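Okay, so here's the structure we're looking at.
For ligands, and for the atoms within them, numbers begin at 1 and follow the listed sequence. Note that these values count all heavy atoms, side chains included, but never hydrogens, waters or copies made by symmetry. If you're wondering where the values come from, they're calculated on a predicted model, not measured in any experiment.
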Amino acid sequence: MSENLHIVIDKQWIISNRGNKNPVDPLKPYGWLVEKERTVSGVIEDVGIIFLTNRECPFHCLMCDLWKNTTDQSVPIGAIPDQIEWALEQMPPTKHLKLYNSGSFFDEGAISEQDYPRIASLLSSFETVIVESHPKLINEKCLRFKNLLIPELEVALGLETVNPEVLKKLNKQMTLEDFRNSVGFLNENGIRSRAFILLKPPFMSETEGVFWAKRSLDFAFNIGVDCCTIIPVRAGNGAMDQLLDTGDFSLPDIHSLELVLEYGIRLHAGRVFADTWDLGLFSSCKKCISQKINRLNTMNLNQMIIDRIKCTCEKK
Ligand code: SF4
Ligand SMILES: [Zn+2]
């Protein structure tokens with residue numbers, strides 16, 4: 001564990017290290033895409049993702065860079081359904097849709113409850129709708145949204161890490177008990193949950209990063225999470241770059257991501273996915289990187305372990 005765990009990391013410090021936001025249009029989502037995912041029924045299907053533009057998340061977690069594509073003020077009532085309508089007109093039809101809003105869907109300052117009926121009506125043809133939320137914003141409001149929806153609702157929650165000391169340093173403002181309670185509440189109300197788990201947050205060595213990601217998978221499945229996504233931690237938000245400079249953070253290696261994904265799949269406790277966005281960051285070996293990315297993508301889709309890529313870079 002890093003010697004510098006005593007650094008005071010708070011909202012002010014995190015914000016003071018930020019750069020500028022990207023220009024966004026409050027009336028347009030800042031992106032959309034379609035990706036393949038193994039669904040709960042075990043088939044591989046297209047899932048649409050809309051990246052909604054709205055007010056930035058009030059939590060300011062240490063590793064988060066989602067503020068880059070947000071507004072400072074709440075967007076007007078009607079803007080979020082307009083964004084969804086616009087995106088769905090551009091996108092090919094899919095059965096499943098993720099609405100990611102760089103924060104919490106249930107944050108009233110981001111998405112007003114007044115918009116729920118129109119949002120629900122726009123989503124009526126989907127089988128599954130996945131939204132993301134901070135665990136502390138899971139309450140009756142989720143049920144009011146669920147009750148308006150025809151598709152099944154799933155909520156993605158950031159667990160980040162079950163190392164309590166590091167979790168505190170992330171400024172997530174959440175305890176493991178908060179997370180457990182939120183998953184319990186969702187389960188009691190027939191709402192599936194997925195957990196985002198960080199691979200090697202700051203203040204961890206490579207070995208500790210793998211260890212705590214595995215323990216986080218254990219915890220998430222034990223308390224009733226339906227599926228987990230492992231996210232290798234990146235720099236780029238200012239605060240994380242500072243921690244790179246002080247040696248309190250270094251990028252995880254793609255091999256660690258492979259180890260954790262293999263572990264998670266072997267648990268047979270639920271689907272486990274590796275986040276494969278920009279994986280070139282996590283390897284210095286040009287010889288095997290594309291094969292390793294293919295391997296992770298294939299394991300994500302099939303949920304089966306396939307042979308490791310043999311390369312000289314792992315003989316160190
Ligand atoms: S709760 Fe999520 S969106 Fe909000 S700051 Fe933390 S990681 Fe970012
Ligand atoms: Zn290699």
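Within the coordination shell of atom 8 (Fe) of ligand 1, defined by N, O or S atoms under 2.8 Å, Cys64 is present.
Ligand-side atoms of ligand 1 in range of Cys57: 1 (S), 3 (S), 4 (Fe), 5 (S), range being under 4.0 angstrom from any heavy atom. Contact atoms of ligand 1 toward His134: 1 (S) (distance under 4.0 Å to a heavy atom of the residue). The ligand atoms of ligand 1 that sit less than 4.0 angstrom from a heavy atom of Gly103 are 3 (S).
Lys172 counts as a contact of ligand 1, since one of its heavy atoms falls under 4.0 Å from the ligand. Heavy-atom separations between Gly158 and ligand 1 are all 4.0 Å or longer.
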For this session: Take Lys136 and Ser182 through the test side-chain hydrogen bond (donor to acceptor under 3.5 Å, both in side chains) and record every step on the way to the result.
Result: CA-CA 7 Å; Lys136 279 198 171 164; Ser182 301; over 6 Å; no

For this session: Report the C-alpha separation of Glu85 and Arg118 in whole Å, then their side-chain angles, then the decisive distance to 0.1 Å, and conclude whether the salt bridge (charged side-chain N to carboxylate O under 4.0 Å, His left out) test is met.
Result: CA-CA 10 Å; Glu85 189 168 37; Arg118 217 181 119 215; 3.2 Å; yes

Problem set entry | Stepwise side-chain contact (heavy atoms from CB on, under 4.5 Å) test for Leu52 and Tyr30 | CA-CA 6 Å; Leu52 297 167; Tyr30 70 89; over 6 Å; no

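In summary, Asp65 and Arg18 do not engage in a salt bridge, as defined by a charged side-chain N under 4.0 Å from a carboxylate O. Salt bridge present: Asp107 and Arg55 bring a charged side-chain N and a carboxylate O closer than 4.0 Å. Under a 4.0 Å N-O distance rule, the pair Glu177/Arg180 qualifies as a salt bridge. Between Arg192 and Glu152 there is a salt bridge, since a side-chain N of the basic residue sits under 4.0 Å from a carboxylate O of the acidic one.
Under 4.0 angstrom from ligand 1, there are no non-hydrogen atoms of Ser104.
The SG atom of Cys311, the Zn ion (ligand 2) and the SG atom of Cys313 define an angle of 110° (nearest 10 degrees).
Closest to atom 6 (Fe) of ligand 1 among all protein heavy atoms lies Cys61 SG, 2.3 Å.
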